Amino acid sequence: MLERGYEESIDHVTRARAIVLAVVIAIATVIGVELAVGAWLDRHGTNLGYRYIAHKWRVLGELDGPVDWLVLGDSSVAQAFDPEVLATERGKTSVNLGTIGNFGATGDLWMLEEYLERFGAPERVVLVHAYDVWHRPLDRALIGRVPRTWATSARIREQYEIEGDELIELVTNRWVRIYAERTSIRKALELAWWKLVKDDDELAAIRAADRELPRTEPTLEPNGFVRMCDPIPGQVAGDTRGHRKFLAKNRFRLSRDNQDALVRIAELAALHGFPVDIVPGPLYRRLAVEDDLERYLDAAVERQRRLLEPYAGVTVHRELRAFDSGQMQNADHITCDAAPDYTRWLSERVDPG
Amino acid sequence: MLFNSWVFLAFFCIVLALYVLTQRRLSWQNAMLLIASYVFYGWWDWRFLGLVLLSTVIDYVAAIRIDSAPNPVARKRWLMVSMVSNLGVLAGFKYFGFFVDSLDALLHAVGIDGALPTVSIVLPVGISFYTFQTMSYTIDVYRRELPACTSFRDFALYVTFFPQLVAGPIERSVHLLPQTQRPRIMTAEGIEAGMFLCLWGLFKKVVVADNAATIANAIFADPSAHSGSALLLGALAFTAQIYGDFSGYSDIARGLAKIMGFELMINFKLPYFAVSPSDFWRRWHVSLSSWLRDYLYIPLGGNRGGRWATDRNLMLTMTLGGLWHGAAWNFVIWGVYHGLLLILYRAVGSLPGPRLPTAVWWADLLRVAVMFPLTVVGWIIFRVGSLADLGAFASGIGVPSAADHELQWAALGAVWLPVLLMQLAQLARNDLLCALRLPALLRGILYGLLLAATVALSTGESNEFIYFQF
């Protein structure tokens, strides 16, 4: 029987038309897989940052009316500002569009522009970023993660001088996610396997041991709030050490991309007549009282105030809200239990009335 | 220029366009293919081109001289010129360092240190493949199996034809050379079969071999640090890796050639379904094993000289076959191991007594169940970095241990499953291209899934093919 498998035959006649059909179906299959994998990654991908970006742009796209407060920023605010709390306590509608730090203020600007185009000026815009994101340039490759056709347009490529490998990365991030996110696909498949064969305790241990797996799964709410409820005090301690090293080595610097985006946001505020508040994200209590942090934050606020001085209605806040490690997942991300506290503090800070 | 790279994709698209444009002029088309082949080879290191050109010139001239020689002595003299040149190049570039190192180790063992200089020679990619190919041509001309090729261009194309230049199949002159001398016809069947072979080969390389390699490399890096089950996992992972890698390359090579209307020989015929060592060598790297049979084993006397002579010839052929794979002792041991298996099976087969029935599925399955682990043992010998590592495998692999590396077991199973399913279908239909029998709709879906899986499950590194080093 196993003397078989030696032959190869192409006697079965293939018509050119059948080949064309097979090729067309193959291309359609690849596109189908690309779309399906993309949708799956947006919901189950192990890179939480990418999921936040996809989710927040979806929230913005599905917004069916204007809101009072538009809250923009990075992942620290994504987990800290709960629009439900603001609605209950202050009677204000809002949406939380915080994404990730490497987008910086440029991501805020793009979301604001889309919002303004569709709904006009909101009552207030709040930008919340962790203190240590302002020096970062916009991660060009991330632009491809924005689920909008303009993300790969010539305008964007020229504006951010994207070419060569960066351009390839941009295009694959936008259109060939099965290639660009293959690491995430691999990790997501691994996680799916672990979920199948391990109990909750074992799974938690695996997550803790693998830095590429999220420690906990977020709930991405329709108002943009990212509900993360498990405190990870061990991670807070480790992350704080990293922050201390950063603060010891660095003086405040505002990247060109963030500077340009902030100025443009201020111009839009002046043009449309809405106030903008720039507020620090939540921080671990022990880190918040350190001298290096105080110095860094003073310099940040001073630089931003100087930059935005010509524009009316822009307020740069110096105060920050600190939390204990039992309420945090790392040094600048709080749990869902602490989110109402931060939301309350933020609303009183930017609108005491 | 690796088949699994964007550069190669661009290169092949350009070559194919020029190939179609020169379809009406064979001479132009061959010249274009020759230049493309030199570009392909020179992409690694243009200095190697001199060596392949030298080999081409020597065998081109030697074969013409053999063909036109007035007497057998002159014929033999020119054959020797070819053999000595080719084997000399091989010995110089591939084995010289190995022999010097081995001699140095021997001298060290008897207390003489530093007597020999350290030798470091860069191994030109694919040298073993094209030297064997050109040698077979000269021998075939000597045996009057075909006339000497008078067109240098066509002969050079036979030697350097880019799909098979660096890792085979090692084509016979009687098979490939005539194809360079007559117009090739691009057919719909050939194009689709070629596309399928390229896709399937790429899948085997990128999804199966490269992913299995990450598992195997970690375990083979330090076998003594791993449990019995992990060692088994490593061995099986390398078994999958080397098959996916080498058969993947061969499939792509054959597919590229098929698209252009060339036929290259089938190099892998479901080798892990082999029922015996001799069957394994009829299925694994067929172009090398048949070369060794025709140009070494049979000239040595084959099985015509009685049992001991046959065993000697088998052992010699397999040992040299092992050494062909690389200048290292583990390849020699691997060759000896396969020689012993062949001798052992012959000995057992000649014993009187009851035998398993032939052509019965359960008996064949039993034979495969015996042969496959023996093959895996061979791959352990092939892959280990040192004799100490081989010892660690030998002492540890059978030791029962708690289950570990669960994820890696699952990953290996997941990447191997599609290959197994395809092979079962190929076996059932007795057709390695049985996928082409599917309706166009299903074929399209299959191609799409293969392509998507290759893109999504690649490890992200442009990994070289294992057999390039040989």
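All chains are named by letter (A, B, ...) in the order of the sequence lines, taking the proteins before the strands, and each is independently numbered beginning at 1. Note that this is a predicted model, so its numbers are computed, not measured.
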**Item:** Which of B:Asn211, B:Thr454, B:Leu451 touches chain A most, by non-hydrogen pairs under 4.5 Å
**Value:** B:Asn211

**Message:** Quick one, B:Thr459 and A:Arg182 - any side-chain contact, counting heavy atoms below 4.5 Å?
**Reply:** no

**Message:** Looking at B:Ile185, I want to see if its CD1 is surrounded by more than 12 non-hydrogen atoms of other residues, nucleotides or ligands under 6.0 Å.
**Reply:** no

**Item:** Part of B:Trp362 within contact of chain A (heavy atom distance under 4.5 Å)
**Value:** neither

**Request:** Give, for atom CH2 of A:Trp194 and atom CG of B:Leu407, the distance between the pair rounded to the nearest 0.5 Å.
**Result:** 4.5 Å

**Item:** Which atom of A:Val33 lies closest to which atom of B:Ala452, heavy atoms considered
**Value:** CG1-CB, 3.7 Å

**Asked** Using non-hydrogen atoms only, which part of A:Leu189 is less than 4.5 Å away from chain B: side chain, backbone, both, or neither?
**Response** side chain

**Message:** How long is the straight-line distance from CZ of B:Arg443 back to CD1 of A:Ile19, given to the nearest 0.5 Å?
**Reply:** 7.0 Å

**Item:** Over 12 non-hydrogen atoms of neighbours within 6.0 angstrom of CG in A:Asp200
**Value:** no

**Prompt:** Which pair of non-hydrogen atoms, one from B:Gly444 and one from A:Thr29, has the smallest distance, and what is that distance?
**Reply:** O-OG1, 4.0 Å

**Message:** Using a 6.0 Å cut-off, check whether atom CH2 of B:Trp409 has over 12 heavy atoms from anything other than its own residue.
**Reply:** yes

**Among the listed options A:Ile27, A:Ile178, A:Val20, A:Val23, the residue most often paired with chain B at heavy-atom distances under 4.5 Å** = A:Ile178

**Prompt:** Between A:Ala18 and B:Ala440, which heavy-atom pair has the shortest distance, and what is it?
**Reply:** O-CB, 3.8 Å

**Asked** Is it true that a side-chain atom of A:Arg186 and a backbone atom of B:Leu457 form a donor plus acceptor pair closer than 3.5 Å?
**Response** yes

**Item:** Spatial distance of atom CD1 (A:Ile25) from atom CG (B:Leu441) [nearest 0.5 Å]
**Value:** 4.5 Å

**Message:** Around atom CD of A:Glu163, are there more than 12 heavy atoms from other residues, nucleotides or ligands closer than 6.0 Å?
**Reply:** no

